[in-house]
J.: 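Can you keep this structure in mind? I'll have questions shortly.
Everything numeric in this text was worked out from a predicted model, so none of it was measured. When reading the values below, keep in mind they use all heavy atoms of this one structure, side chains included, and skip hydrogens, waters and symmetry mates. Proteins come first, then strands; the chains are lettered A, B, ... in the order of their sequence lines, and each starts at number 1.
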2 protein chains.
Amino acid sequence: MDLDTVRTFVAAADAGRFQEAAAELAISQQAVSKRIAALERGLGVRLFTRTARGAELTIDGQAFLPHAHELLRVAERAAASVRTGHRPLRVDILASRGAASGLMRGFHRAHPEIDLDVVMLLDMDTAVAALRSGTLDASFRAVGAPGRPLPEDIAYVRVLDEPLELLTGPAHTLAGARSVPLARLAGHRIWMPGLTPGTEWTAYYDDLVAEFGLTIEATGPNFGSDALLDTVADTPALATFMGGHTRLVWPAGHGLRRIPVTDPTPVYPHALLWHRDNPHPALATLRAHLAATTAGHDAAGTWTPAWAAPR
Amino acid sequence: MDLDTVRTFVAAADAGRFQEAAAELAISQQAVSKRIAALERGLGVRLFTRTARGAELTIDGQAFLPHAHELLRVAERAAASVRTGHRPLRVDILASRGAASGLMRGFHRAHPEIDLDVVMLLDMDTAVAALRSGTLDASFRAVGAPGRPLPEDIAYVRVLDEPLELLTGPAHTLAGARSVPLARLAGHRIWMPGLTPGTEWTAYYDDLVAEFGLTIEATGPNFGSDALLDTVADTPALATFMGGHTRLVWPAGHGLRRIPVTDPTPVYPHALLWHRDNPHPALATLRAHLAATTAGHDAAGTWTPAWAAPR
DNA sequence: CTAGGGGTACAACCGGTGGTTGTGGCTGGG
DNA sequence: CCCAGCCACAACCACCGGTTGTACCCCTAG
């Protein structure tokens, strides 16, 4: 099935005659005939009944037609997603299940008419470079990590403080706790594969470790959060940190426990970054939406790294 | 943009290396390279950064990837829509804005997991033939028109009685009425273009005309309901009938009036038809859904043709 | 009944797209 | 420093998909 062929099918169905469709597409009637025949051969059904004064859709053709339209629409959107100028708003988030993802879902619900593309970049350097080059419109990051000054033309605003929670399996010592003070985590094995050196979120956990005497193991390759959760659920002595806004889709009965951390509660300081001169109209809408929906939380009893950009 | 090329792109993005993608697709690495290059040329952006040990997505590539997946999914669904055996449930309705359309929307809302295709056939003969041939799974029709016995193997059940309403422009004599007795319509011009002789719905209006002394003009070609409504809205002496369950999407201020008809209220007897031996699992689900949701209305004060199949 | 017009399918031909193999260049690791 | 691994370029060739020319079918008008 070829998109040009599908386009031809739609044109022929629209016109009701191959000749007219051929004229529209600026090809010969015979070419249309051959394309349709090829499509019918490929699908294994007859799409048109050829009559003396044209061609009309069979029932199979009628059923196929809306799908053909949809196919062309999706193809158009796919091409638009990488068109320079007037492309969908492109936003970078840390992980598909993190807090930024939830914010973008909320934005999409509030403004379904705005086309969005979400990408996931690893480190802030590429994100900043992409913002400056215009390849990216906005990025959710924690701003202010030491030794990483933001260029002048990158603007940002704190948008969300996300409290961290401890994730354990059912056999973990702390599994029954309703909450756990941060200091009590010292000595426990906390496993966070995928902590890439040099990234701002690794800097966050480095500071957390240094300040409260925790031990975090970043060993082993990151096989994805599913594998991580699987291991944590099955290993009594293992726990991990997880953003409190993460939505878990997890089979019931697995017994994973999410335990709030207190005294203080570590919160991750999400900020939105963008290029000062980015002219994308939807960017202003996104900023307004975030400003309106993410009310400032009380910072009392919480911890963020000293370098975190102020609210 | 060609679907095979998109498939290649997805495979290469998945694998992270052109060679591996080539092995999966059973073509040479050079072919993958050329396909990707062609796609990039067509889109006008670079999708991969080629490194010494593979190829990884650029930001544009990351943005394009979900659209590519969607494209392949839609293509798969399009092909499935005409696959013989295990294709989506295919239902025939009279008009895209009629009551049957509303019933199917409700069914889709209740069972979003069931794939549907909706087609619109003109006359019952083709519908019945399609049901018997297996090209069609179900059809919403009025059953029982004289001289048109249903074959033995076609089963049916009355599912919905739809009251007719009068549709007028703001300047019509009856525009202010809250309801109008059927007898008062005698002498008024009622315009219903598109009444094709020989169809069951034309038989319905023929009976209505004969029994209550109405005059219905079926003159002129049917330019679609939009044109019909436009004319009715602008012509003071003109009115038309419309199913009471029809959802009109009409610019505000046009002043179209929908007036219930009484004494008696003509109702259109929608039935669902299917082939007795049709094995499609979703057909049973549809029948159960319709049985559960379309409660029997009170027939008092309503009119249906004498030939209408009993409830 | 016949002639004509409008419509589609088939045949023959041909150019360019898209595959192949062979090869070279780049890069990171031993 | 060289080798291994991977991608791009070049040359070649088959076949897909376009073109023109023509046959055939059906409906309609005279």
J.: Among C:dT8, C:dA12, C:dG19, which nucleotide has an atom closest to any side-chain atom of B:Arg35?
T.: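 From the listed options, C:dG19 comes nearest.
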
J.: Does anything in residues 23-33 of chain A come within less than 4.0 Å of DNA chain D? Heavy atoms only, and list the residues if so.
T.: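 Result for residues 23-33 of chain A: A:Ile27, A:Ser28, A:Gln30, A:Ala31, sorted by number.
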
J.: Measure NZ/B:Lys34 against P/C:dT21 and give the value in whole Å, please.
T.: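 Atom-to-atom, B:Lys34 to C:dT21, this comes out as 12 Å.
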
J.: Check whether the side chains of A:Asp117 and B:His67 place a donor and an acceptor atom closer than 3.5 Å, and report yes or no.
T.: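 Looking only at side-chain atoms, B:His67 and A:Asp117 do form a donor-acceptor pair, the distance falling under 3.5 Å.
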
J.: Any donor-acceptor pair under 3.5 Å linking the side-chain atoms of A:Arg53 with those of A:Thr51?
T.: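 Absent: no donor and acceptor within the cut-off.
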
J.: Please state how far atom CG in A:Asp2 lies from atom C1' in C:dT17, giving the value in whole angstrom units.
T.: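 After rounding, the gap between these two atoms is 12 Å.
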
J.: Just by distance, no angles: are the side chains of B:Thr8 and B:Arg35 close enough, under 3.5 Å, to form a donor-acceptor pair?
T.: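 Their side chains do contain a donor-acceptor pair, which is all the 3.5 Å distance test asks for.
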
J.: Ignoring hydrogens and angles, tell me if any N or O in the side chain of B:His280 forms a donor-acceptor pair with the backbone of B:Arg90 under 3.5 Å.
T.: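 Here the side-chain-to-backbone pair does not exist.
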
J.: Donor-acceptor pair, distance only, cut-off 3.5 Å: does the side chain of A:Asp207 make one with the backbone of A:Pro305?
T.: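 Checked: no pair found.
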
J.: Measure from CZ on B:Arg53 to P on C:dG25 and round the result to the nearest Å.
T.: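 Spelled out: CZ on B:Arg53 to P on C:dG25 is 22 Å.
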
J.: Give a yes-or-no answer on whether the side chains of A:Thr58 and A:Arg46 include a donor-acceptor pair shorter than 3.5 Å.
T.: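 On atom types as modelled, these side chains do not qualify, holding no pair under 3.5 Å.
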
J.: Are the side chain of B:Glu40 and the backbone N or O of B:Leu47 linked by a donor-acceptor pair below 3.5 Å?
T.: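 Such a contact is found between B:Glu40 side chain and B:Leu47 backbone.
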
J.: Rounding to an integer number of Å, can you tell me how far B:Leu3 CG sits from C:dT17 C1'?
T.: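 About 17 Å, once rounded to whole Å.
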
J.: Which nucleotide span of DNA chain D, 5' end to 3' end, has atoms closer than 4.0 Å to non-hydrogen atoms of chain A?
T.: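 The contacted stretch runs from D:dG18 to D:dC27.
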
J.: Please work out which of the three classes, parallel, tilted or perpendicular, describes the rings of B:Phe241 and B:Tyr205, given edges at 30° and 60°.
T.: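 The rings of B:Tyr205 and B:Phe241 lie parallel, inter-plane angle below 30°.
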
